[in-house]
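Below is one structure, written out as structure tokens; comments come after it.
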Amino acid sequence: MKYFFITVLAAVMSLGGISSYACSRILYVGDGDLRIVGRSLDWKTPIPTNLYVYPRGIHKMGNVTPGAVEWTSKYGAVYAVGYDGGVTEGMNEKGLVINGLFCKGSVYVNESTQGRPPMSLAVFVAWLLDMNATTDEVVAVLREHDFTISGATFDGGTVSALHWGVTDASGKCAVFEFDAGNLNIYEGQDMLVMTNDPQYPAMTAINDYWKAVGGRNMLPGTVRSSDRFARGYFFDTHVKKTADADLGFVITRSILNNVSVPYEYIVEDEPNVSSTQWRSFANIRDLRYYFDIITNYGTYYIDLKKCDFRKGAPVRKLDTAKYNDKVGEINKFMEISAPFAPMF
């Protein structure tokens, strides 16, 4: 067994050292059904991200190409939209949370997926949030795999190589990843941590090594994906459990700070090393979606219980560039808006 872990660790080291796509996701499980999903979005340059509230009952398309997936939303949701063109993550009114993280080497299509209804990465997460209330429902849709994913490049030609974490109000989770066009789904109760490459089974094997070492004795300290995973897991399983929403948020934020990459961190021989640009925190029990842009003075949140998700209600947008000094609930600052224009 020792040699297996050494082999896995060596494989990770051979992936090119520090990952260029350093995102992290943490699930804090407190008392009284309190669950908070925290994630960092790490990238080599700032990714302008605005927040949108979409009501139920909007007809949408997965792409502009013929035969694309079409749907009419069953649930209202909050989306984090990068470049005002693609949904990175979000939470719907049922407490379902989906986070997209980079996973180098993800390939979405192969010969068997040709001819399936087109689905753009720009609205993929929105589709799943719009139409599903639980992780089990999302997994059922994914297992059908009646879609083929594509997406525009961004930031000068970068390919959106992603994998996703799904969490619902009961704590049921799933991680799904595309490998050479094949969709792999890993399910479990309260799956606490995700980072980036390697893919999930190898990552958990590496974490098992560090669990055996014992975090009180030593924790890996670099910004590598596997190191962040190990640190996040150790602290997540050793912090105080609380039912208090505010304290739970602070605890989750402190864990995520520990695995975030310092702003403007640079490694001489790794020009694309990514620093944390923003963090989000989805309190599933209390339906609060927090947003923490690294250059802002504080953290604010949208209270989903106060959002108008009724069919026919307007789309609302928070232009985050306007509100770098706000703290606390920010619902009243969300303005009626046209829907964002997907980067198909």
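Each residue takes its place number in the sequence, starting with 1. What you see is a predicted model, and the numbers here were worked out from it, not measured in a lab.
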Pair Gln199-His163, side-chain donor/acceptor within less than 3.5 Å: no
In terms of ring plane angle, is the pair Phe229 and Tyr233 parallel, tilted or perpendicular, where the classes change at 30° and 60°? parallel
Among residues two or more places apart or on two chains, list those pairs meeting salt bridge (charged side-chain N to carboxylate O under 4.0 Å, His left out) that have a residue in residues 276-292. Asp246-Arg288, Arg279-Asp292
Measure up the Trp278 and Phe291 rings against each other and bin them: parallel (under 30°), tilted (30 to 60°), perpendicular (over 60°). tilted
Please check if any side-chain donor atom of Asn196 sits under 3.5 Å from a side-chain acceptor atom of Arg228, or the reverse. yes
Regarding Lys317 and the six-membered ring of Tyr54, is the cationic atom NZ or CZ under 6.0 Å from the ring centre and inside 45° of its axis? no
Ignoring hydrogens and angles, write down the donor-acceptor pairs under 3.5 Å from the side chains of residues 325-344, residues two or more places apart or on other chains.
{"from": "Glu329", "atom 1": "OE1", "to": "Lys306", "atom 2": "NZ", "distance (Å)": "2.8"}
{"from": "Asn331", "atom 1": "OD1", "to": "Asp303", "atom 2": "N", "distance (Å)": "2.9"}
{"from": "Asn331", "atom 1": "ND2", "to": "Asp303", "atom 2": "O", "distance (Å)": "3.0"}

Once the angle between the rings of Tyr301 and Tyr290 is folded into 0 to 90°, is it parallel (under 30°), tilted (30 to 60°) or perpendicular (over 60°)? tilted
When rounded to the nearest 0.5 angstrom, what distance separates CD1 in Ile36 from CD1 in Ile26? 12.5 Å
On a heavy-atom basis, the closest approach of His145 and Arg116 is O-NH1, 3.0 Å
Is a side-chain donor-acceptor pair under 3.5 Å present for Asp244 with Thr242? no
Distance alone, cut at 3.5 Å: any donor-acceptor contact between the side chains of Arg39 and Asn99? no
Within this structure, what is the OH-CG distance for the pair Tyr108 and Asn182, rounded to the nearest 0.5 Å? 14.5 Å
Mind checking the CG-OH spacing from Asn92 to Tyr79? Nearest 0.5 Å is all I need. 8.5 Å
Could you tell me the separation between the CG atom of Leu162 and the SG atom of Cys103, rounded to the nearest 0.5 Å? 9.0 Å
Have a look at Arg35 and tell me which of Thr167, Asp168, Asp190 forms a side-chain hydrogen bond (donor to acceptor under 3.5 Å, both in side chains) with it. Asp190
Any donor-acceptor pair under 3.5 Å linking the side-chain atoms of Thr320 with those of Asn50? yes
Please check if the number of heavy atoms outside Glu111 that lie under 6.0 Å from its CD is greater than 12. no
Between Ser280 and Glu89, is there a side-chain donor-acceptor contact under 3.5 Å, judged purely by atom types and distance? yes
4.5 Å side-chain heavy-atom contact, Val123 and Lys60: no
Rounded to the nearest 0.5 Å, what's the gap from CG on Leu219 to CG on Asn258? Could you check? 8.0 Å
Please step through side chain to side chain donor-acceptor pair (under 3.5 Å) for the pair Asn110 and Ser112, ending with a clear verdict. CA-CA 5 Å; Asn110 57 30; Ser112 69; 2.5 Å; yes
Taking the six-membered ring for Trp, are the ring centroids of Trp164 and Phe124 within less than 6.0 Å of each other? yes
Counting neighbours of CG on Asp31 that are heavy atoms of other residues, nucleotides or ligands and sit closer than 6.0 Å, is the number greater than 12? yes
